[in-house]
Structures are given as C-alpha cells and as structure tokens.
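None of the values given here were measured: they were computed from a predicted structure.
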Amino acid sequence: MKKNLVFIASALAVLAITGCSKKAAAPKAEAATTTKVSDAASLVSKSFIDPITGWAKYDNLIKEIKAETNYETRTKKMHEAEDILMSNYCVIPLYYYNDVYMQKPYVSGIYANAFATKFFMYSKLSNGSKTLRIQLASEPDYLDPALNSSVDGACLAANSFSGLYTYNDKGVTVPACAEKYTVSNDGLTYTVTLKKNLKWSDGSALTAADFEYSWKRAVSPDTAADYEYMFSGFDGYDNGNLNVKALDDTTLQFVLSAPCAYIEDLMAFPTFYPVCKKYVEANSTKEAPGAWCTNAGFVSNGAYVCTSWKHDVSMTYEKNPYWFDADKVTVEKLEFMLSADDTAIFAAYNAGNLEFIDEVANDEIAKLLETKNSEFHIVDELGTYYVAFNAKSKLFEGKTPEQAACMRQALSLIIDRDYIVENIAQTGQVPANAFIPLGMADGNGGVFKSDAVKQGYYDPSAISNDQEGTLAKARELLAAAGFKFDAEGKLSSETPISIEYLTNQTSAHIAIAESIQQDFSSIGIKMTIQVQDWNVFLEERKNGNFDIAREGWIADFNDPINMLEMWISTSGNNDCQFGR
C-alpha cells in the first residue's frame, strides 16, 4: 500500500533547489579518457528483461506463483520474480520502514498492525473525554474501500467499515463480520458463515449478498480499482466471472484457483470490505464510481460513521450504534485534523489540541530521541521507502533497454542511503538494497530475507565506504549508455542529464529529495524537484507523468507476492509503467 507520511493540499509548486551541503565534496575523478567503456548488455543481470516489451514474462511468472501449490517451489519463484524486478533498476529502494507517532499518556487502546493500519475503535481516554482528536494525513484520496490505495485511506476504512476478518491488538487476524468458515479438502472452496443481524449504519440489513456484490464490483473494469488484482487467485477472475456467491443471507461461498496461505489477510483487507449496493448505486456514476463517499453521511458498516467533512480541514466520525461490537466502543467521536504541515501538527499536539499524531516534524525527531520523550513511539513495519523511475520516461529515448537499465543503476549507486537514514529518517531504519523488506515471511515457514547485505542486490553503503570506487562504477555504467565525462569526472556538456523528481510535501520527503539531488550533482546530473498536492501526485505517478518519483510501499499482508504482483502490467499500482 502506498505509504503516505503526510501531504499538502496546495497549488502545484516546482522547486529548483540547490541541496544543502551534507558532507565533503567528492575527490576529483580521473580524466574522461580513462573512464572504462563497456557494452551495456554485458553489465545487466542475467535476469534482465525489457521492462516494456518483454514484461509478459514477469506477468506469467506471477500467475505461476499464484497457481503454485508446492510452497518451496513458490518461494523459489518469488525470488526469481524479485530478481527480474530489481534487474532493470526502475525500483530504487532506499530504506526499510518503521513507523513513528505521538500519543498522549491518557490515551490507550490504539493499536496498529505491521501494515500501518491504525485501529481506534477500542481506544480509551482516562481524562473523561469521549472525543479522540487525531491527525493521520491531509485530505484523503479515496474513502471507497475498493478504490483506496493509501495508508491513511486504509486507516479510515478500517475504522468505518468491517470486512469478514480484521486484526486484533496482537496483529493476528480474527473474525469481524464472519462467525466462522470451513474449507474444502482441496483448499479451494471456502464457505463463510456471517454473524447474525449484521446491519449497515442506516439500520438496514447487511447480508452475504452485499459481500458478493462488493467483491464483484471491486474487480469490475467500471470500478477501475488499483487493487482488483488481489482477486486474481479466485476462480473465475480471468474470465470476469468471479466465483463468489451468497448461498443465503448469512452464508457466503467463494472458490480459489489455488490454495492461499494468507486468505484471512485478504478477507481483512479494505478492497474486500462490503459496500451498500443501494446507497452506492444511488450516489455514484459510471464515470465517478467513488462519488458516493466523497462527502459526509455515506452508509458504512464499521465502528464509526463519517458525520462531518470540511474538505482539506477536518473530518468527524461518530460511533455507529449498529456495529456488531458497538458495546465495546467507549470513545464516541473521532475528530481528524486534515493537514500536511508537520510543524503545525506538532504545535497542535503540544498545545493539547490533538491526542494522536501520525507524523512528527523531521526537525523535532532528534530532540525527542535525545530526551527519551515517552509520548514518542517507534514501531516496526513491513515496508520499503523507495524512488521509482518511469520506464517510459523521455530520459531513456534513444537508449537500448540495457543502456536505460545501466543509467538507472548508476544513479542508484550514488545515492547516499546511510546519510538519508542517519540524518533524515533518524529512527533506526535499515538502508535497503532489495524491494522485499527484511523479515517478511517466505510463505514456506521461513523468512524471505534476513540479512540486508548478503541477500540484497547491491551494497547499500558503497557510496559511504568507497566513494571514489562507487563513482567510477557509476561512470562506467553511464559510459556504456553513451554518456561522456570531462576531466573532473562530471558529465560532459555533450551528453547532459536533466531529471525532474516528483514528490508530495513533508519536510522529510523534501530533505530526501535534496539529498538525492546533491548525490546526482556529484557527477554533473541536474535534478529539479517538483512538489504536488497529494491527490494530483498520485494521479501523475499512476499515469506515468514523471521521470523519477518518491514512493513507499507498506505490505498489505505478510507474503512477498503482495509486493511482487503490484508490478504486473495491468496493476493500478504499477507506477513504473512496466509492460505498457
């Protein structure tokens, strides 16, 4: 899921920033005449395929993985898929995520899973208040569970909708709308019994037919959900006839095409939440399938209902008396501050106007750590902060696929990940050299990766440990792509590179962009930074209107397939434009 640390609702801004000095300048390089020139095809990995015209091989491998019943073979194929993904260097991992937040001492009961979803419905306030004041992010992109693909949207969905399953405070899947389920001997047919007397927030009955409708709606081309591919393991997905049906009001049956070890995680994921057919169809159109929940008052089935929405300012959610677990909800109102100004957010928290903030001003982190502030929390997550190249960018016009890959690899090598982690991120993140994060399960009872150095695709600290040698390697890669260098080791004016970096706003995102900008300048690459409103930013990335963009992905469940299948040609999360 797209990680949204915080974002702004402002006009587009283009920043041509000269990065602040972060370390001593690189030593003078050898003359251009001694730069090694190699054939680009000899420098790419044996796993490399053309990310545009050859991507069907990757698509087919993902299909094989999802159909594979031998878990050992499946794990091996997932490593092969990541080898292909990493070989073209469109995805440039920077570090593995953890999560930071601040919470007042009189607040308890809030919890999160490893996928950054926060659950507020069982929170407690010991100060006598019935209202919890929260900052998650700024204006959400979508509240429609089928259309959302951001972390903040998932948090809002988890507190206002309920799927068949959810997560408890131990991060374990537990029944929500489901009472129980049975599985056929072949592991393919699931029969789910729903809780009795489930209701929508308007008091109308919620039945198994609502789940059938919602799941089929999520995979419909008319809905155009980014996450529709998460149903690809279901029978009937390929022919547009998803094999899910309501047998009666409280019995839902669905059939898979292969056994799925993480099926409960899927049943707990927002794309699998039910939506009220009558309300959705009365308040949306084919052109705007998510219009039904773009203002307060929409029908949902979770712990809270959105009762007020001042766009770009605030949202209010109030207790839903019809929720199946409503008697355990003691906080009757959630008030959300919609802001991307992390300085203002921090000030509001310190003034007592907020009790929980999901973003901490970057300039404040060092002091919070130094003083061991008990309200500042750091928790583990399964995810990766990265930057992504658009494989179809004009940067690569006139280059062979191998030359384009060499260009991207060169730029990846010279990014100082240690500096970013130690001086910008600051909370113990691990520099990344693979897309699949450390500690993720391998689907076969083990861990997919446990060592950031031995099991990655490059040394993430190379530019720190051997700056001169790493720059020389980057020049060799660029020379193989047809670029020339002057006597100072900078790009020749004959073959310049100018890049636009796309990001949304927060002090940390901007600082990371500036750091990369300075790294690129070490060999003469000119990079400008464009900052956009969150909603515009998401659409520009999705549509491929960028050269390089900041990205982040928090796993949706603990299995590598989640972070591999997002890159299939038809995925709405395939920002790199692979196979298009």
Ring centroid separation Y227 to F269 under 6.0 Å = yes
request  = For D235, look at atom CG and say whether over 12 heavy atoms of other residues, nucleotides or ligands are found less than 6.0 Å away.
outcome  = yes
task = Count the heavy atoms of every other residue, nucleotide or ligand shown that sit under 6.0 Å from NZ of K63, and state whether that count exceeds 12.
result = no
key: Residue that, paired with F115, satisfies side-chain contact (heavy atoms from CB on, under 4.5 Å) out of V151, I554, N562   = I554
query = Looking just at side-chain N and O atoms, do S201 and N320 make a donor-acceptor pair shorter than 3.5 Å?
reply = no
message = Ring-plane angle category for F119 and Y111, please: parallel below 30°, perpendicular beyond 60°, tilted otherwise.
response = parallel
inquiry  = Test side-chain contact (heavy atoms from CB on, under 4.5 Å) on L136 and M315; report intermediate values, then the result.
reply    = CA-CA 11 Å; L136 280 179; M315 301 179 78; over 6 Å; no
ask   = Going by atom types alone, do Q135 and Y349 pair a side-chain donor with an acceptor below 3.5 Å?
value = no
task = Indicate whether any N or O donor in one side chain lies under 3.5 Å from an N or O acceptor in the other, for N301 and S162.
result = no
message = Side chains of I510 and T503, heavy atoms from C-beta outward: is any pair under 4.5 Å?
response = yes
query = Counting heavy atoms not belonging to K245, are there more than 12 under 6.0 Å from its NZ?
reply = no
inquiry  = Between R217 and D144, does any side-chain N to carboxylate O distance fall below 4.0 Å?
reply    = yes
query = Ring centroid separation for Y101 and F356, is it under 6.0 angstrom?
reply = yes
ask   = Could you walk me through whether W200 and Y279 pass the ring-ring contact (aromatic ring centres under 6.0 Å, His included) check?
value = CA-CA 10 Å; W200 292 104; Y279 190 85; 9.7 Å; no
Distance-only donor-acceptor check, side chains D141 and S150, under 3.5 Å = no
ask   = Are F234 and F231 an aromatic pair by the rule of ring centers under 6.0 Å?
value = yes
message = Between the side chains of K278 and D202, is the shortest nitrogen-to-carboxylate-oxygen separation below 4.0 Å, so that they form an ion pair?
response = no
